[in-house]
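Taking it in order: structure first as structure tokens, then the write-up.
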Amino acid sequence: MSLLTVGSVAFDAIETPFGKTDKIVGGAATYIALSASYFTQKNRMVAVVGGDFPQAMIETFHNHNINTEGLEIVKEGKTFFWSGRYHADMNSRDTLDTQLNVFEHFDPTIPESYQDTHYLMLGNMIPALQAKTLSLLTNRPKFVMLDTMNLWIDIALDDLKDIISKVDCVTINDEEARMLTGEYSLRKAARKVMEMGPSTLIIKKGEHGALLFKDDRIFFCPALPLEDVFDPTGAGDTFAGGFIGYLAKTDDLSFENMKRAIIYGSAMASFCVEKFGTERILNLTETEIDNRVMEFVQLASFEIN
Ligand code: AMP
């Protein structure tokens, strides 16, 4: 099934206790689409970049079967830039700089050839633009998923609640779930988010895994305990890309299949953090992914009499 991803395509500058990068290609849509490309062949992207964006990366997208007809290039503009520094625990980070550049005046448009999109991933960006993208699709996709961040809960809460009411699935981290609902208990927070509209919710807990809520059922997905985490940037997006990519591949929205999808998402995220930026998710093999998924199976399965 076809998957359309919308969100930021960016330059990132990252500092972690292990090192520092100059401008490297990042952005929510970049991580999501690359990750999903390991599962579905019909990948599309709606985003904006400036004339400074490397052609080589656009070719990389094409090599991953990501159609970029919806990637607008504003020749005289500069690509969105984000810079962050991770704390020693690698779970929390400070944003050092955000330069919206061409993202500031981004007005998403949907190429005609994308109108038959079945799965839609609204990556992290201004909630009103997420809503606009959904409204531009004449046939509502079968499954719409949304990611967001604390910034939009702070400054665009009404718009965020509006788009949340229109999607099937939301993915947020534990801190954002608490911020959005005012509930400390994640079960209560989950109930409140789902009362806003979505029938499925994923609450990410960083290195402590993720919780999948669907209707009245819950599933816990672990994160793989890795010896070295190099750079967590994009882990949440890579996770989302693996999850929705697997759903688009299998086209099965049952709870049992979503459990598998969330394990694939978590496996993809575990690769992402092993190197800086997108480096580790550029050249994965099917065998590597399958072996990693088996590690999850072994990690969490047990027998009981
Ligand atoms: P994650 O680590 O999964 O939260 O995502 C990191 C990515 O989000 C980076 O590659 C950034 O370019 C992108 N990003 C950071 N801030 C924003 C923002 N305000 N809007 C859209 N994308 C952002």
Side-chain angles (χ1 to χ4, degrees), residues 5-16 21-36 45-50 52-53 57 78-87 90-106 108 121-130 133 145-156 159-160 163 170-177 202-207 210 223 229-244 265-266 268-282:
T5 299
V6 57
S8 55
V9 172
F11 282 128
D12 292 343
I14 304 157
E15 284 180 41
T16 79
T21 65
D22 279 332
K23 279 178 161 186
I24 55 171
V25 173
T30 302
Y31 285 100
I32 294 165
L34 285 173
S35 177
M45 182 190 268
V46 164
V48 66
V49 291
D52 54 353
F53 194 73
M57 192 63 197
K78 282 170 73 181
T79 300
F80 172 71
F81 173 74
W82 174 81
S83 160
R85 184 191 293 136
Y86 287 86
H87 300 170
M90 294 291 252
N91 247 355
S92 49
R93 72 182 175 205
D94 296 323
T95 290
L96 302 178
D97 195 4
T98 301
Q99 295 170 20
L100 291 176
N101 299 329
V102 291
F103 212 32
E104 189 172 359
H105 301 291
F106 181 42
M121 178 69 217
L122 299 170
N124 174 30
M125 65 174 182
I126 302 167
L129 292 185
Q130 294 177 316
T133 309
M145 177 160 157
L146 168 137
D147 187 16
T148 191
M149 70 189 291
N150 50 6
L151 175 68
W152 312 124
I153 301 174
D154 265 339
I155 68 168
D159 285 350
L160 179 61
I163 180 64
V170 168
T171 161
I172 44 177
N173 68 34
D174 44 2
E175 196 187 313
E176 290 156 357
I202 296 172
I203 300 185
K204 297 169 286 181
K205 291 151 60 71
E207 62 175 332
V229 172
F230 238 79
D231 170 20
T233 309
D237 304 310
T238 305
F239 169 89
F243 177 80
I244 198 164
S266 207
M268 293 305 290
S270 75
F271 285 120
C272 176
V273 302
E274 286 179 340
K275 288 198 174 159
F276 270 110
T278 56
E279 193 182 340
R280 187 71 177 101
I281 58 164
L282 287 179

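Just follow the structure's listing: the first ligand is 1, and inside any ligand the first atom is 1.
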Original post:
Just wondering, more than 12 heavy atoms not from Glu274 lying within 6.0 Å of its CD?
Top reply: yes
Original post:
Can you tell me if CG on Asp22 sees more than 12 non-hydrogen neighbours from other groups inside 6.0 Å?
Top reply: no
Original post:
Any N/O of Asp12 closer than 3.5 Å to an N/O of ligand 1?
Top reply: yes
Original post:
Taking the side chain from Gln130 and the backbone from Asp147, do they hold a donor-acceptor pair closer than 3.5 Å?
Top reply: yes
Original post:
Would a 4.5 Å heavy-atom cut-off, applied to side chains only, mark Phe11 and Val25 as touching?
Top reply: yes
Subject >> Residue pair Thr233 / Tyr31, side-chain heavy-atom distance below 4.5 Å >> reply: yes
**OP:** Would you mind running through ligand 1 and noting each atom that sits below 4.0 Å from a heavy atom of Ala10?
**Re:** 12 (O)
**OP:** May I ask which of Asn124, Ile24, Leu100 has a heavy atom nearer to atom 21 (C) of ligand 1 than the others do?
**Re:** Asn124
Original post:
Does an N or O anywhere in Met125 fall below 3.5 Å from an N or O of ligand 1?
Top reply: no
Original post:
Based purely on interatomic distance, does Gly234 place a nitrogen or oxygen under 3.5 Å from a nitrogen or oxygen of ligand 1?
Top reply: yes
Original post:
Which ligand 1 atoms, with their elements, are less than 4.0 angstrom from a heavy-atom of Asp237?
Top reply: 1 (P), 3 (O), 5 (O), 6 (C), 7 (C)
**OP:** Before signing off on this row, confirm whether Tyr86 and ligand 1 have an N or O atom pair separated by under 3.5 Å.
**Re:** no
Original post:
Is Trp152 close to ligand 1, meaning an N/O of one under 3.5 Å from an N/O of the other?
Top reply: no
Subject >> Element-labelled atoms of ligand 1 that are located less than 4.0 Å from some non-hydrogen atom of Arg93 >> reply: 1 (P), 2 (O), 4 (O)
**OP:** Tell me, please: is Phe11 in heavy-atom contact with ligand 1, that is, under 4.0 Å?
**Re:** no
Original post:
With a cut-off of 4.0 Å, which atoms of ligand 1 are near a heavy atom of Ser8?
Top reply: 13 (C), 21 (C), 22 (N), 23 (C)
Original post:
When you check the side-chain N and O atoms of Trp152 and Asn124, is any donor under 3.5 Å from an acceptor?
Top reply: yes
Original post:
Heavy-atom contact under 4.0 Å between Phe239 and ligand 1?
Top reply: no
Original post:
For ligand 1, which atoms sit closer than 4.0 Å to a heavy atom of Gly27?
Top reply: 9 (C), 10 (O), 12 (O)
Original post:
Do Thr5 side-chain atoms and Met121 backbone N/O form a donor-acceptor pair below 3.5 Å?
Top reply: no
Subject >> Top protein contact for atom 19 (N) of ligand 1, by heavy-atom distance >> reply: Met149 SD, 3.6 Å
**OP:** Check each of Trp82, Tyr31, Phe80 against atom 23 (C) of ligand 1 and report the one with the nearest heavy atom.
**Re:** Phe80
**OP:** Output all residues satisfying side-chain hydrogen bond (donor to acceptor under 3.5 Å, both in side chains) with Asp94, sequence neighbours left out; order by chain, then residue number.
**Re:** His87
Subject >> Pairwise side-chain contact, Phe80 with Val9, heavy-atom cut-off 4.5 Å (strictly under) >> reply: no
**OP:** Heavy-atom contacts with Gly26 under 4.0 Å: which atoms of ligand 1 show up? List them by number with element.
**Re:** 10 (O)
Subject >> Side chains of Arg93 and Tyr86 in contact at under 4.5 Å (non-hydrogen atoms) >> reply: yes
